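The structure under discussion appears below in the form of structure tokens.
Because the structure is predicted, anything quoted here is derived from the model rather than measured. Proteins come first, then strands; the chains are lettered A, B, ... in the order of their sequence lines, and each starts at number 1.
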Amino acid sequence: MSFNSSIFVLFFAVVYSAYLLLGKRFKTQNILLLVASYVFYGYWDWRFLGLLLFSTVLDFGLSHWIDRTADPGKRKSLLVFSVVANLGILGFFKYFNFFADSFATLLATVGLEATPLDLRIILPVGISFYTFQSMSYTVDVYRRELKAERSLVNFALYVAFFPQLVAGPIERAASLLETIARPRTIPIDKVNAGLYLIVWGYFKKLVVGDNLGTIANEVFNHYHDYSGLDLVLGVVAFSFQIYCDFSGYSDIARGLAKLMGFELMVNFRLPYFATSPSDFWARWHISLSTWLRDYLYIPLGGNRHGSWRTSRNLMITMALGGLWHGAAWTFVIWGIYHGSLLILYRQLGSHFARRLGAARTTALLVQGVKMLVMFCFTLIGWAIFRAQSVEQLVYFARHAGLAWSPDSMELLTTVAFFVAPLLLFEAWQQWSRDLFALLHLRPVAQALAYSSLVVGLSIFAAREVTEFIYFQF
Amino acid sequence: MSDSVAKSRGNMLPVEREGRSSARRLATTIAWTLFFVLAANAGTIVALRHLPANLGYWLVKQKWRMLEDLDRPVDWLVLGDSSVNQGLDCRLFDEIVDGTSVNLGTTAVMTMVNDAWMLESYIEKHGPPRGVLIVHVYQMWQESARAVGIGEIPRPWGFWNQAQPPVAISSNDEWLVFLQRFAPLYAKHASIAEMLKHPLRTLRWRASVDARGFMSCEDYLPARIESERQAHLEFVRRSYELSSDNRRALERIVELAEKHQFDVYLANSPILNDLSKDLVFSQFFRRTHQDIERIVGHSP
């Protein structure tokens with residue numbers, strides 16, 4: 001069930017009421033939340049509950065075995081088995097047809113004909129998220145950063161916790177599992193922050209994301225009918241659609257979790273105010289970028305072995321990070337594109353930063369220029385990400401520009417109408433360096449802001465349920 | 001973890017500073033939020049009276065108010081949908097019928113139920129007219145009375161149960177009528193969204209009808225009429241059935257006409273000449289005509 005459906009509102013009302021009634025009985029609360037999480041997931045497709053359970057039991061058992069084993073070789077073998085099993089499940093459901101088709105295409109280029117085996121595989125919702133979350137736990141146990149969790153219920157809840165099960169944030173066991181394993185308190189500060197995140201999240205998703213999505217889908221699905229500025233506006237619309245859709249979901253997930261006394265990690269820190277590629281990745285989908293850093297980039301060697309290997313490690317990490325998003329070459333190209341930006345910035349960026357850093361009197365202007373330049377780079381990335389084919393990508397590259405068309409004014413005003421208030425509010429958050437800046441205002445001022453969001457939702461939110469983009473990952 | 005990430009990058013990355021709150025502060029914020037939302041809703045009700053973005057909503061209200069404000073009887077009542085609202089100038093009609101008239105045409109979504117209700121309301125206040133002219137588009141006959149239209153009629157709550165013919169609406173539709181009347185911020189969101197997205201257009205646009213209910217339109221769009229030709233042909237190829245709401249409304253109008261001895265003229269809105277020559281279209285038209293004949297045929 002989607003967060004923006006009436007059935008979810010009813011579901012959460014029932015679960016939350018029962019949760020509060022249980023008071024300090026956290027073990028019973030955990031059972032309640034586990035059952036609720038499986039109901040939540042099963043509502044999407046009950047057929048994949050078995051897969052979720054299998055993945056959970058597998059890593060629970062393997063991590064225990066690793067924890068009890070002293071022999072380093074055996075520990076490593078068990079870890080490899082866990083990683084291979086998890087990636088195997090993910091690879092089969094997500095990438096089988098992609099690799100089969102790509103292999104057949106490759107054979108065809110050298111004159112060998114092959115009919116790819118076409119299996120109609122349904123992608124289980126959230127598999128990319130819970131698989132990574134479960135794997136990170138096993139790796140942390142292997143690294144002796146964690147003791148294996150003794151309670152299967154607790155571990156199963158860690159994997160399946162419904163606010164973040166289908167679209168993240170990808171949590172770490174050290175944080176979430178630790179909270180699961182003890183009584184929770186729900187201080188009023190958390191309730192206050194949680195309610196803010198929920199309202200703001202719904203606003204971003206249902207008002208900004210969905211309305212801009214209409215424009216983005218129109219331009220990308222009928223791109224041959226558009227050129228010039230219209231294509232650029234389509235990409236801008238998509239860039240805010242994906243941001244608002246994904247960060248909105250994350251905010252709702254974090255808000256719901258806060259209401260129950262859980263802290264989920266911050267997943268977005270105003271990414272479109274980034275001043276460099278590395279700054280962007282410190283702000284965008286933070287749970288994934290830090291996961292890739294800790295479990296892929298650093299094990300590959302990170303930046304410890306010279307410039308060439310650092311660049312190689314960055315490129316591998318970003319390419320695989322792109323592939324994580326979906327089974328298509330455009331996602332890989334997107335990952336490689338961002339990897340290239342990171343590498344180039346490392347080589348060239350510091351040189352320019354030293355020169356610009358001296359101009360203190362124009363620091364604000366410089367920051368603004370850096371943000372604008374980085375945003376332009378990000379837009380190019382989103383065009384790659386959203387493109388349905390390389391042919392579409394080439395079309396965009398050839399025809400995007402500033403040429404005006406009869407549709408341009410309508411597109412521009414609609415995009416500006418939804419983007420401007422969002423950017424103004426986030427500019428204030430960036431200037432305050434505080435994502436919760438609103439919460440420090442007086443109640444009347446907060447109420448004015450909240451009522452604007454509620455009125456916005458009432459007027460602009462689509463009435464039929466629209467899916468969150470990141471569910472397809 | 002997130003704070004340490006923020007600190008390691010200087011102080012550009014925003015963090016989350018929850019601050020201190022209290023139950024009282026939170027309750028105050030929620031109370032003020034509710035107040036502002038209700039105030040915005042009230043403001044919307046007022047604004048929609050003066051800045052209507054939806055012609056349909058506005059027409060229904062306007063014509064019912066015109067009916068209620070009518071201080072003297074007229075010879076002819078002109079009822080129907082927007083085709084007569086924009087298509088019949090009472091100053092010219094008066095010359096044809098050699099009497100006085102008022103144009104109470106609204107929209108097709110209101111169906112003949114609205115015509116029957118308006119006629120009954122007029123008779124209660126002024127007695128029967130000399131004649132009634134009802135003009136509708138041919139597509140109207142299959143439609144049922146909808147809550148979205150009923151909600152716009154400025155009559156007491158539940159009037160649709162007492163009026164003749166009564167219209168039974170589901171509890172879900174009653175809720176829609178309630179929202180239509182008292183929560184336009186939610187129920188009329190599409191209209192309000194358009195107003196906010198195109199404020200200049202909204203401020204410039206003024207719907208108006210003259211003192212006799214005629215709305216003159218400056219836009220003359222023959223190309224658009226032509227472009228809709230195919231849509232009409234597709235429409236008449238679907239299965240057809242006279243709606244029970246229209247049937248009961250027509251029966252009520254016949255009843256009133258027989259009781260009070262006035263003439264009722266039923267006319268179809270103008271259609272493209274080409275369409276009238278189309279075989280399927282004329283068959284559809286004939287079937288509609290036969291259904292109406294069955295109801296009114298016995299009446300003199």
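Per-residue heavy-atom pair counts under 4.5 Å with chain A were compared for B:N41, B:L185, B:T28, B:T44, and the maximum is reached by B:L185. Your options are B:H198, B:K188, B:R25, and the one with the most heavy-atom pairs under 4.5 Å with chain A is B:R25. When each of A:Q446, A:Q429, A:H440 is scored by its heavy-atom pairs under 4.5 Å with chain B, the top score falls to A:H440. Of the listed residues (A:A461, A:P443, A:A445), the one with the most heavy-atom contacts under 4.5 Å to chain B is A:P443.
Between A:V444 and B:F36, the closest side-chain pair of non-hydrogen atoms falls below 4.5 Å. B:V15 is listed as a side-chain neighbour of A:R269, based on a closest heavy-atom distance under 4.5 Å. Side-chain atoms of B:W32 and A:R442, non-hydrogen and from C-beta on, never get closer than 4.5 Å to each other.
Rounding to the nearest 0.5 Å places CG of B:L13 at 9.0 Å from CZ of A:R433. To the nearest 0.5 Å, atom OG1 of residue B:T29 and atom CG of residue A:N192 are 6.5 Å apart. Here B:E16 contributes atom CD and A:L197 contributes atom CG; the two are 6.0 Å apart, rounded to the nearest 0.5 Å.
When the shell of 6.0 Å around CH2 of A:W428 is examined, it contains more than 12 heavy atoms from other residues, nucleotides or ligands.
Contact annotation for B:L26: only side-chain heavy atoms (C-beta onward) come within less than 4.5 Å of a heavy atom of chain A. At a 4.5 Å heavy-atom cutoff, the contact between A:L441 and chain B is made by backbone atoms alone. Looking at A:L448, both its backbone and its side chain come within 4.5 Å of chain B, counting heavy atoms on both sides. In this structure, chain A has no heavy atom under 4.5 Å from any part of B:L34. Proximity to chain A (any heavy atom under 4.5 Å) is restricted, for B:A40, to the side chain, taken from C-beta onward. Looking at A:F460, the atoms closer than 4.5 Å to chain B (heavy atoms on both sides) all sit in the side chain, from C-beta outward. Of the atoms belonging to A:E426, not a single heavy atom falls under 4.5 Å from chain B. The part of A:V454 that comes within reach of chain B is its side chain, from C-beta onward, which places non-hydrogen atoms under 4.5 angstrom from that chain.
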Stepwise, does the side-chain contact (heavy atoms from CB on, under 4.5 Å) test hold for A:I459 with B:Y186?
CA-CA 6 Å; A:I459 296 171; B:Y186 179 81; over 6 Å; no
Report the C-alpha separation of A:K258 and B:E18 in whole Å, then their side-chain angles, then the decisive distance to 0.1 Å, and conclude whether the salt bridge (Lys or Arg N to Asp or Glu O under 4.0 Å) test is met.
CA-CA 12 Å; A:K258 274 188 192 281; B:E18 275 174 13; 2.6 Å; yes
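The heavy-atom pair separating A:I188 from B:A23 by the smallest distance is CG1-N, 3.7 Å. In this structure, A:L270 and B:P14 approach most closely via the heavy-atom pair CD1-CG, 3.7 Å. Nearest heavy-atom pair across A:S432 and B:R17 is O-NH1, 3.7 Å.
With hydrogens and angles disregarded, a donor-acceptor distance shorter than 3.5 Å links the side chain of A:Q430 to the backbone of B:M12.
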